[in-house]
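Step one of this worksheet: look at the structure below.
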Number of protein chains: 2
Amino acid sequence: MNSAANALLTTDEPAETGAQQIRDAIRDAIVERRLSPGTKLSESDVGNLFNVSRTLARAALQALSYEGLVSVEKNRGAFVAYPSPDEAKQIFAARRLIEPGILREAAARITTSEIQHLRQLLLEESRLISERGQTARRAEIKASGDFHLTLAAISGNAIMQRFMEELVARSSLVIALYGQSTISSCGHNEHGDIVSAIEAKDLDHACHLMLHHIAHIEADLDLRERKGQGLKEAFDL
Amino acid sequence: MNSAANALLTTDEPAETGAQQIRDAIRDAIVERRLSPGTKLSESDVGNLFNVSRTLARAALQALSYEGLVSVEKNRGAFVAYPSPDEAKQIFAARRLIEPGILREAAARITTSEIQHLRQLLLEESRLISERGQTARRAEIKASGDFHLTLAAISGNAIMQRFMEELVARSSLVIALYGQSTISSCGHNEHGDIVSAIEAKDLDHACHLMLHHIAHIEADLDLRERKGQGLKEAFDL
DNA sequence: GCGCAAGTAATCGTATACAATTTGACCGCC
DNA sequence: GGCGGTCAAATTGTATACGATTACTTGCGC
């Protein structure tokens, strides 16, 4: 749940308009890899699944297409996005470009209670890593992303926060497609090191660690054209 | 027209699906300040205006709300976004954070023909500045933004390009609301200086100029709560 | 005259219905 | 047997219709 992260400073409007709930549900499913890239998301099917009309299903899918999580092809349907290696590179290039800036901004505004909150997240994350089971894996994936999102939230810039939400979500897709090792966050807890550097007010070091962290994630990818880059829909299930 | 900018490397799908055409039309109107912040955009009115059903009008407005150009209020309607001073600060903070990175990326990949293209844009821009008339003013606003967008396009990162499109569009709204001097781009052609710095391969200087350029735009704003921040809809036309 | 309340008009939220396009299959023809 | 065309099924694109919520107005009571 990123509700923990959002609880910090997002202005939540409890009355969500149906379509948004569906959008969030599908997004969670994609980010947690319950939906594989390339999966067809028919408007009718989505509507039936959530017991709403095609109108709402369509709206939700359109919304997800704006975030780059699903690609809608004219008169053909919506599919869970299947990022190309080039797109993957762009996603991580964008993160390398953005995250140091967010980190600096966040470090300048961070309070002791927020640091505690971050440490809490890290604890939860490491607990999930040690745990077994698919649900734990999914929770871990989400927790790993929540660290970066929380940092963005602390930075106080809602726009950058939204950009990061998109980038983190799409990163999850890329890792699902091209990741090699079982899990994204490698052995050492690089997140913890970053927090420590922030706490020590060593921003340059923190940024350095962040860049390395992103590089490590990217290094775990095998970014080669999958067999059937163009005919990916062949087995879209 | 940013078609000139897009012509560089965006993959355009000529068959746009109705709603997108409307979205683009409204976005252009907002960016060119033919629509004032706070203006009500009723779904029915938009639909009638473009001779389409409310369905498409609604889709277009939803899309624009994702870009932050219109704000839809539940059961009340859609309005041209009325960015608060705080939002305005966040928009420019985001630009300061992002644009240097884009600049570096673009400078690393730029070709001589692209430099020529940029110079062409600058020429067109300065021509518009010297010209009189409202249409020239609107074209100038667009041209000023197109410089930044073209730079993003040259960077080769479609994601960052999209982020910049949103930021530039929203900047236009902010300037419309809080701008003091007649036009955003101040006296000296800072854009030209940036291109020169790029051409000279002096990236640090180019970034420096870019940051100053953004600062200059921001310095021209009077970011104080407008009278009636809350009752802005009182005279929404 | 002012404040409050109920009714009414307008607008959005959602569902359903119809039209257009694509896909896959079947059948005849070469 | 392979190839091309035509037809049917499925899916999306768009429009219309109905229900719900909000804002406005009108009228009554004070």
Side-chain angles (χ1 to χ4, degrees), chain A residues 12-26 35 38-67 69-82 228 230-237, chain B residues 12-26 35 38-82 228-237:
Chain A
D12 41 1
E13 302 158 355
E16 284 192 336
T17 174
Q20 289 177 310
Q21 289 180 259
I22 298 171
R23 164 174 65 79
D24 293 343
I26 297 178
L35 282 170
T39 304
K40 170 148 190 175
L41 299 173
S42 158
E43 295 178 358
S44 313
D45 292 351
V46 173
N48 291 339
L49 189 58
F50 290 93
N51 286 102
V52 295
S53 76
R54 253 187 62 215
T55 305
L56 293 189
R58 182 183 179 83
L61 292 173
Q62 285 290 125
L64 288 169
S65 93
Y66 292 124
E67 307 179 23
L69 289 183
V70 318
S71 71
V72 299
E73 303 180 20
K74 188 175 162 68
N75 279 315
R76 285 202 12 94
F79 305 84
V80 178
Y82 196 103
L231 34 96
K232 57 179 185 288
E233 294 88 344
F235 29 64
D236 56 10
L237 180 60
Chain B
D12 43 359
E13 303 155 356
E16 284 191 338
T17 173
Q20 289 176 310
Q21 289 181 257
I22 298 171
R23 163 173 66 79
D24 293 343
I26 298 179
L35 282 170
T39 303
K40 172 150 190 173
L41 299 173
S42 160
E43 295 179 356
S44 313
D45 293 350
V46 173
N48 291 340
L49 189 58
F50 290 92
N51 285 102
V52 295
S53 77
R54 253 186 62 217
T55 305
L56 292 190
R58 181 183 179 84
L61 292 173
Q62 285 290 127
L64 288 169
S65 92
Y66 290 124
E67 307 179 24
L69 289 183
V70 318
S71 70
V72 299
E73 302 180 21
K74 190 176 161 66
N75 279 317
R76 283 200 16 90
F79 304 84
V80 178
Y82 196 103
Q229 149 76 354
L231 34 94
K232 57 178 185 291
E233 293 90 344
F235 30 66
D236 56 8
L237 177 61

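When reading the values below, keep in mind they use all heavy atoms of this one structure, side chains included, and skip hydrogens, waters and symmetry mates. Order of the sequence lines fixes the chain letters, A, B, ..., with proteins taken first and strands second; residue numbering starts at 1 for each chain.
Summarising the geometry, the separation between CD on A:Glu43 and P on D:dT14 is reported as 11 Å, rounded to the nearest angstrom. One interatomic measurement links the two molecules: CD1 of A:Ile22 to P of C:dG13, which rounds to 14 Å at whole-angstrom precision. Atom CD of A:Glu73 is separated from atom P of D:dT12 by 11 Å (rounded to the nearest Å).
Interatomic distance, A:Asn51 CG to A:Ile22 CD1, rounded to the nearest 0.5 Å: 9.5 Å. Taken to the nearest 0.5 Å, the CD atom of A:Gln20 stands 8.5 Å off from the NZ atom of B:Lys74. One finds the CG atom of B:Leu35 at 6.0 Å from the CG atom of B:Leu41 (value rounded to the nearest 0.5 Å).
Shown here are the side chain to side chain donor-acceptor pair (under 3.5 Å) partners of B:Glu43, two or more places apart in sequence or in another chain: B:Arg54, B:Arg58. With sequence neighbours left out, B:Ala57 forms a side-chain contact (heavy atoms from CB on, under 4.5 Å) with B:Val46. Taking the side-chain contact (heavy atoms from CB on, under 4.5 Å) definition, one finds that A:Thr55 meets it with A:Ser53, sequence neighbours left out. Taking A:Ser65 as the reference, A:Val70, A:Val72 meet the side-chain contact (heavy atoms from CB on, under 4.5 Å) condition, with sequence neighbours excluded.
Contacts classified as ring pair (Phe, Tyr, Trp, His ring centres under 6.0 Å) and involving residues 48-71 of chain B (residues at least two apart or in different chains) are given here: A:Tyr66-B:Tyr66.
Annotation: proximity of residues 46-68 of chain B to DNA chain C (heavy atom, distance under 4.0 Å) is found for B:Arg54, B:Arg58, numbered in ascending order.
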Please tabulate the protein-to-nucleotide N/O contacts below 3.5 Å involving nucleotides 19-21 of chain D, giving atom names and distances.
none

